[in-house]
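Naming: A, B, ... by sequence-line order, numbering from 1 per chain. Everything numeric here is computed off the predicted structure, so don't read it as measured data.
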Amino acid sequence: MSQPQPVRGTHDLLPEDFARHAHVQNSAREVAARFGYAEMATPIFEFTEVFARTMGESSDVVSKEMYSFESRGGESMTLRPEYTAGICRSFISNGLQQQVPFKVFATGPMFRYERPQKGRQRQFHQIDVECIGAAEPQADIEVISLGAAILKALGILDKCSLEINTLGDQESRQAYRAVLVEYFGDHKDSLSKDSLDRLERNPLRILDSKDAGDRALVEKAPLFTDYLNSFSSDFFAEVLDGLSLLGIGYHLNRRLVRGLDYYTHTAFEFVTTELGAQGAVIAGGRYDGLIEALGGKPTPGIGWAGGVERLAMLATGAIKEVRPLAIIPIGDAAETAAQKLAYSLRQDGHVIEMAFKGNLSKRMKRANKLNARAAILIGEDELARDACTFRDLDKGEQEEIALASLGSALAALG
RNA sequence: GCGAACGUAGCUCAGUUGGUUAGAGCGCCUGACUGUGACUCAGGAGGUCGGGGGUUCAAGACCCCUCGUUCGCCCCA
């Protein structure tokens, strides 16, 4: 290609795209703040170990999708593939255990070396919510309801459904996992190739297989509910009750699982059918073992991440734009006067558009294209009278007014 | 990582079984309208047909490689 291309799986965010992203991020930030989740940020790269420990060496992300590099100092660094690990690391690094529950919101770019598709890029953006240090089911309810509230604010809650499941506590899950491995181990010859691999690395995932043969086996597999201890099932029941009380609908999905040991109890996803295979727009769960895995004191936590690109594709509604005012000088003598007026109005909080070239007709066209609400024309005639021609571009009416009364004319536009 | 489809002006696309100078709509530029946008009309610019190689008298069409996008799987936001 003779023209330069962006790197595979990366996209430029031109102003229009950026506005959609910003809309998602700003809406989320605002709603999160109402829930008491203040924004924070962590570095875009960490020691590789931070992700390897939290996401699991055997996970796809860690084993083959990370952008890792050796620093000049010889240490292995990785561009973050997700936000949770960095925030938990930060929680430990900054000794925040005295501030629990530590509730935060974050957003930014993530990096994963994956095969690109719609809604799946190598550099993509997430919004993220974490609640660290709360072991109570009320935290699960709050975190999930925050997700629902953000989707509602974006006007896309009705396009999504909440899938939810429990993985139980460590004891429950390990018991179930052992039973599953035994069951599927006895039927190895009927398992798909993918699931044979899952049996080694991530047996719970077999429950979610799309392979017809696997599904037949899954039908007859032991049920997780039979292996949940009473603490785990009570916990989950409390979460579900809380959601119902808030009027948040959910679909119990027994096949929704997380493979890693740090994940416990609640797992959930807000999914949509409108984005093809990349249906999860917000996904998260409880990770009571994660902080400990990172070297911190045992600390429970729950959170979720949402894909900004995916959310932005769903939130197609009009974003309210600020309409500018166009200042158009006529003739060289008016240029500096126009610039001065623009500077003054901008400092008063107005959005002012100035074109630097072209005759009156061209500048009017540009003003029109930018959807300007009004045009302020200043020529030598107006200059001499300390006035301007004020044209309402919607009504197509104009009149000459004194510069001194420009403020009230602008206020009258509404 | 596996399987498949697609890549033609800035954008969305058309280009018959390979056959002279590659088209349309929208957008852009110029003018009608040298102090007035939208609407209209008349002109105009813009393409090494993603890139490289091959087959052929002849390739945008066929073959191979490569880059990119998309769909499914895997995985996930």
Salt bridge (Lys or Arg N to Asp or Glu O under 4.0 Å) assessment of A:D197 paired with A:R205: CA-CA 10 Å; A:D197 190 43; A:R205 277 266 169 226; over 6 Å; no
B:rC65 versus B:rC26 - spacing of their P atoms, nearest Å: 41 Å
Minimum-distance nucleotide (side-chain atoms of A:R310 versus B:rC75, B:rU70, B:rA77): B:rA77
A:D169: partners by side chain to side chain donor-acceptor pair (under 3.5 Å), with sequence neighbours left out: A:S172, A:N229, A:S232
Sugar-phosphate only, base, or nothing, as touched by A:G119 at under 4.0 Å among non-hydrogen atoms: base
Distance between P atoms of B:rA58 and B:rA45 (Å, rounded): 31 Å
Worked check of side chain to side chain contact (heavy atoms under 4.5 Å, CB included) between A:L410 and A:F390: CA-CA 9 Å; A:L410 291 175; A:F390 187 79; 3.6 Å; yes
Minimum-distance pair of heavy atoms, taken over all atoms of A:Q126 and A:E82: OE1-CA, 4.0 Å
P gap between B:rC75 and B:rG15, integer Å: 40 Å
Results of side chain to side chain donor-acceptor pair (under 3.5 Å) for A:R363 - residues two or more places apart only: A:E335
Nearest-Å distance once atom C1' is located in both B:rU12 and B:rG3: 29 Å
base_contact_polar (B:rA77 base, A:E114 side chain, donor-acceptor, <3.5 Å): yes
For nucleotides 42-47 of chain B, list the nitrogen or oxygen atoms of the protein found under 3.5 Å from its nitrogen or oxygen atoms, one pair per line.
none

Non-neighbouring partners of A:Q174 that pass side chain to side chain contact (heavy atoms under 4.5 Å, CB included), sequence neighbours left out: A:Q170
Nearest-Å distance for atom pair CZ/C1', residues A:R122 and B:rG68: 11 Å
Rounded distance in Å - CD (A:E309) to P (B:rU70): 12 Å
Spacing between A:M55 atom CE and B:rC75 atom C1', to the nearest angstrom: 11 Å
Sugar-phosphate, base or nothing in reach of A:A367, heavy atoms under 4.0 Å: nothing
Salt-bridge contact A:E30-A:R34 (side-chain N to carboxylate O under 4.0 Å): yes
A:D208 CG - B:rC75 P separation (whole Å): 8 Å
Paired stretches of RNA chain B - 3 or more consecutive Watson-Crick or G-U pairs, each distance under 3.5 Å: B:1-7 with B:67-73, B:10-13 with B:23-26, B:28-32 with B:40-44, B:50-54 with B:62-66
Table of protein N/O atoms under 3.5 Å from nucleotides 3-5 of chain B N/O atoms:
residue: B:rG3; atom: O6; partner: A:R115; partner atom: NH2; Å: 3.4

Pairing residues for A:D381 by the salt bridge (charged side-chain N to carboxylate O under 4.0 Å, His left out) criterion, not counting sequence neighbours: none
Any A:R8 side-chain nitrogen or oxygen under 4.0 Å from OP1 or OP2 of B:rU69: yes
Nearest to side-chain heavy atoms of A:R198, which nucleotide of B:rC71, B:rG68, B:rC75: B:rC75
Distance in angstrom units between A:R205 CZ and B:rC73 C1', rounded: 14 Å
For A:K103, side chain to side chain donor-acceptor pair (under 3.5 Å) partners two or more places apart: A:E142
Nearest-Å distance once atom P is located in both B:rC41 and B:rG72: 43 Å
P spacing across the pair B:rG46 / B:rG10, given as an integer number of angstrom: 11 Å
B/S/- contact track for nucleotides 27-39 of chain B, protein heavy atom under 4.0 Å: -S-SS---BBBB-
Residues that A:R366 engages under side chain to side chain contact (heavy atoms under 4.5 Å, CB included), provided they are two or more places apart: A:E353, A:A355, A:L370
Heavy atoms from other residues, nucleotides or ligands near CG of A:D186 exceed 12 (cutoff 6.0 Å): yes
Check ion pair A:K152-A:D158 (N to O, under 4.0 angstrom): no
Beyond-backbone contact of A:V100 with A:F91, side-chain heavy atoms, under 4.5 angstrom: yes
C1' atoms of B:rG43 and B:rG54, separation to the nearest Å: 44 Å
B:rC67 OP1/OP2 closer than 4.0 Å to side-chain N/O of A:Q5: no
Pairing of A:R80 and A:D128 as salt bridge, 4.0 angstrom limit: no
Nearest-angstrom distance from the residue atom CE of A:M313 to P of B:rA77: 15 Å
Which residue lies more 5' along RNA chain B, comparing A:G9 with A:Q126 via nearest heavy atoms: A:G9
Nearest-Å distance once atom P is located in both B:rC13 and B:rG7: 10 Å
Separation of atom CZ in A:F124 from atom P in B:rC76, rounded to whole Å: 12 Å
Rounded interatomic separation in angstrom, taking CZ from A:R80 and P from B:rC76: 20 Å
Residue pairs passing the ring pair (Phe, Tyr, Trp, His ring centres under 6.0 Å) test where at least one lies in residues 167-209 of chain A, sequence neighbours excluded: A:Y176-A:F224, A:Y176-A:Y227, A:Y183-A:H187
Summary of ring pair (Phe, Tyr, Trp, His ring centres under 6.0 Å) pairs that have at least one residue in residues 112-133 of chain A, sequence neighbours excluded: A:H21-A:H125, A:Y67-A:Y113
